[in-house]
Amino acid sequence: MKIKKTFENLTLEGESIKNKDGSIVITGKLTGSVKVECDKCLKEFDKKIDEDVKFKVVQPPYDGFDEEYDIIEQEKYDLEEILKSELESIKNDYNVCDDCKDKDFNKEF
C-alpha cells in the first residue's frame, strides 16, 4: 500500500506491506527539514533531511534482531508516532551547522 504522511516539516513517502507474521514493513524516503541546535556553537539551524528508510513495525515485546530494517515496536500501527520518533532521533543526533563544520573547537596545542 502506498503511504504518505507529514508531521511538522518531515514527510515519509513510500510503501507499507503487511507480512503473514503480522509485522509491517515500511520502505521509502524521509524528506524535509528539522530545526536543530548546533552542538558546537548552540545556534539553531534547519537541517535538511533526505534519506531512505526501512522500518519493520512489530508487536512488543520483540527480542529479535534484523540487520536490514530498523525495528519499531508498536501495539497499534501509527505512522505519526513513527515520524515523531524519527524527529526526536534527528534532534538528538550530533548536529553541526555549516559555520562550524570546518572549525576545530577541541584542538589541543
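FYI, the numbering just counts along the sequence from 1. These numbers were taken from a predicted model, which means no experiment stands behind them.
Here Leu87 contributes atom CG and Ile82 contributes atom CD1; the two are 13.5 Å apart, rounded to the nearest 0.5 Å. To the nearest 0.5 angstrom, Cys38 atom SG is 10.0 Å from Lys101 atom NZ. Rounding to the nearest 0.5 angstrom, the gap separating the CG atom in Asp78 from the CG atom in Leu83 is 9.5 Å. Atom CD of Gln74 sits about 8.5 Å away from atom OG of Ser85, to the nearest 0.5 Å. Atom CD1 of Ile72 is separated from atom CZ of Phe55 by 4.5 Å, given to the nearest 0.5 angstrom. The structure places SG of Cys97 at 10.0 Å from CG of Leu42, a figure rounded to the nearest 0.5 Å.
Residue Tyr94 comes nearest to Lys40 through the heavy atom pair OH-CE, 3.4 Å, listed as atom of the first residue, atom of the second, then distance. Considering all non-hydrogen atoms of both residues, Lys35 and Lys91 come closest at O-CE, 3.9 Å. Across all non-hydrogen atoms, the minimal contact from Glu15 to Ile3 is N-CG1, 3.8 Å. For the pair Glu73 and Pro61, the tightest heavy-atom approach, listed with the atom from each and the gap, is OE1-CA, 3.5 Å.
Put simply, Ile26 and Val58 are part of two different groups of oily side chains (I, L, V, M, F, W, Y) that touch within less than 4.5 Å, one to the next. Cluster annotation: Leu79 and Ile90 are assigned to the same hydrophobic cluster (Ile/Leu/Val/Met/Phe/Trp/Tyr, side-chain heavy-atom contacts under 4.5 Å, transitive). Hydrophobic clustering, with ILVMFWY side chains joined whenever heavy atoms are under 4.5 angstrom apart, groups Tyr77 together with Leu12. Hydrophobic clustering places Val53 together with Phe7 (ILVMFWY residues linked when any side-chain heavy atoms are closer than 4.5 Å, directly or through intermediates).
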List the steps, then state whether side chain to side chain contact (heavy atoms under 4.5 Å, CB included) holds for Glu8 with Leu10.
CA-CA 6 Å; Glu8 294 190 11; Leu10 279 183; over 6 Å; no

Side chain to side chain contact (heavy atoms under 4.5 Å, CB included) assessment of Val34 paired with Ile49:
CA-CA 7 Å; Val34 176; Ile49 307 298; 4.0 Å; yes

Residue pair Lys54, Asp70: steps toward the salt bridge (Lys or Arg N to Asp or Glu O under 4.0 Å) verdict:
CA-CA 6 Å; Lys54 293 168 80 173; Asp70 290 333; over 6 Å; no

Verify side chain to side chain contact (heavy atoms under 4.5 Å, CB included) between Leu30 and Glu86, making sure each step is shown before the conclusion.
CA-CA 9 Å; Leu30 188 63; Glu86 285 301 298; 4.2 Å; yes

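In this structure the side chain of Glu13 never reaches within 4.5 angstrom of the side chain of Lys29, judged on heavy atoms.
Although no hydrogens or angles enter the test, the distance criterion places no donor-acceptor pair under 3.5 Å between the side chain of Asn19 and the main chain of Lys56. Without hydrogens or angle criteria, Asn95 side chain to Asp93 main chain gives a donor-acceptor distance under 3.5 Å. For Gln59 (side chain) and Glu75 (main-chain N/O), a donor-acceptor pair under 3.5 Å exists by modelled atom type.
Using a cut-off of 4.0 Å between Lys/Arg side-chain N and Asp/Glu carboxylate O, Lys43 and Glu37 are scored as not salt-bridged.
Other residues, nucleotides and ligands contribute at most 12 non-hydrogen atoms within 6.0 Å of the NZ atom of Lys18. Counted within 6.0 Å of CG on Asp102, heavy atoms from surrounding residues, nucleotides or ligands total 12 or fewer; the atom is thus considered open.
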